[in-house]
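First up is the structure itself, then whatever we jot down about it.
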Amino acid sequence: QVQLVESGGGLVQAGGSLRLSCAASGFTFTDRHMGWFRQAPGKEREFVAIVDVGGGSTLYSDSVKGRVAISRDSAKNTVYLEMNNLKIEDTAVYYCGATRRWTTMKDQYDYWGQGTQVTVSS
């Protein structure tokens with residue numbers, strides 16, 4: 001069955017870095033663009049970044065642009081989110097998703113992982 005398993009979250013001080021991973025299985029990884037979203041308590045799930053099927057094109061939300069890099073390794077069926085200069089407002093559960101469309105809209109993603117918590121402290 002389809003699985004997306006995120007890892008790499010944790011507690012980090014403001015200004016620190018984290019690298020999230022999302023391991024995919026149960027579907028053809030190279031058929032889908034891969035995205036990262038996040039959801040803070042009491043807020044909607046919001047788009048963070050997306051990488052295309054080939055890994056050559058990326059798109060970022062304005063709130064993370066310049067601090068975050070998304071990449072994918074098709075040999076490992078894994079997508080990554082490298083986050084630097086983390087801010088307190090980056091605190092959220094981070095989810096990876098898979099989609100056939102080049103989109104930032106969460107409703108157009110077919111598959112989701114269970115999420116990994118990122119907490120940034122002052």
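A quick note: this is a predicted structure, and the numbers were derived from the prediction, not measured. Below, all heavy atoms of this structure are taken into account, side chains as well, without hydrogens, waters or symmetry copies.
Note that OG of S121 is 7.5 Å distant from CD1 of I88, once rounded to the nearest 0.5 Å.
Taking S17 as the reference, N84 meet the side chain to side chain donor-acceptor pair (under 3.5 Å) condition, with sequence neighbours excluded. When the salt bridge (Lys or Arg N to Asp or Glu O under 4.0 Å) test is applied to K65, the partners found at least two apart in sequence or on another chain are D62. In this structure, D107 has no salt bridge (Lys or Arg N to Asp or Glu O under 4.0 Å) partners at least two apart in sequence or on a different chain. Taking T119 as the reference, Q117 meet the side chain to side chain donor-acceptor pair (under 3.5 Å) condition, with sequence neighbours excluded. For S61, the side chain to side chain donor-acceptor pair (under 3.5 Å) partners two or more places apart in sequence, or in a different chain, are S63. Applying the side chain to side chain contact (heavy atoms under 4.5 Å, CB included) test to A14 and every residue at least two apart in sequence or in another chain returns V120.
Taking every heavy atom of both residues into account, A40 and A92 meet most closely at N-CB, 3.8 Å. Smallest separation of non-hydrogen atoms from L81 and A49: CD1-CB, 4.2 Å.
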Exercise. Can Q13 and L86 be said to form a side chain to side chain contact (heavy atoms under 4.5 Å, CB included), step by step?
Worked result: CA-CA 8 Å; Q13 285 191 325; L86 282 161; over 6 Å; no

For this session: Mind running side chain to side chain contact (heavy atoms under 4.5 Å, CB included) on E6 and Q114 for me, showing each step along the way?
Result: CA-CA 7 Å; E6 299 97 334; Q114 82 290 346; 2.9 Å; yes

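A single hydrophobic cluster is not seen to contain both M83 and L59; linkage of ILVMFWY side chains at heavy-atom distances under 4.5 Å, directly or through other members, places them apart. Linking ILVMFWY residues whenever their side-chain heavy atoms come closer than 4.5 Å, directly or via other members, places V48 and V79 in the same cluster.
Sequence neighbours left out, the pairs with a member in residues 88-106 that pass side chain to side chain donor-acceptor pair (under 3.5 Å) are R38-D90, R38-Y94, R67-D90, T103-Q108. For residues 59-89, there are no ring-ring contact (aromatic ring centres under 6.0 Å, His included) pairs, not counting sequence neighbours. Here disulfide (SG to SG under 2.5 Å) pairs that include residues 39-84, with residues two or more places apart or in two chains, number zero. Applying the ring-ring contact (aromatic ring centres under 6.0 Å, His included) test to residues at least two apart or on different chains, the pairs with a partner in residues 35-54 are F37-F47, F37-Y109, F37-W112.
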Would you be so kind as to tabulate the donor-acceptor pairs closer than 3.5 Å made by side chains of residues 18-34, with sequence neighbours excluded?
residue : atom : partner : partner atom : Å
R32     : NE   : D110    : OD2          : 3.1
H33     : ND1  : V53     : N            : 3.1

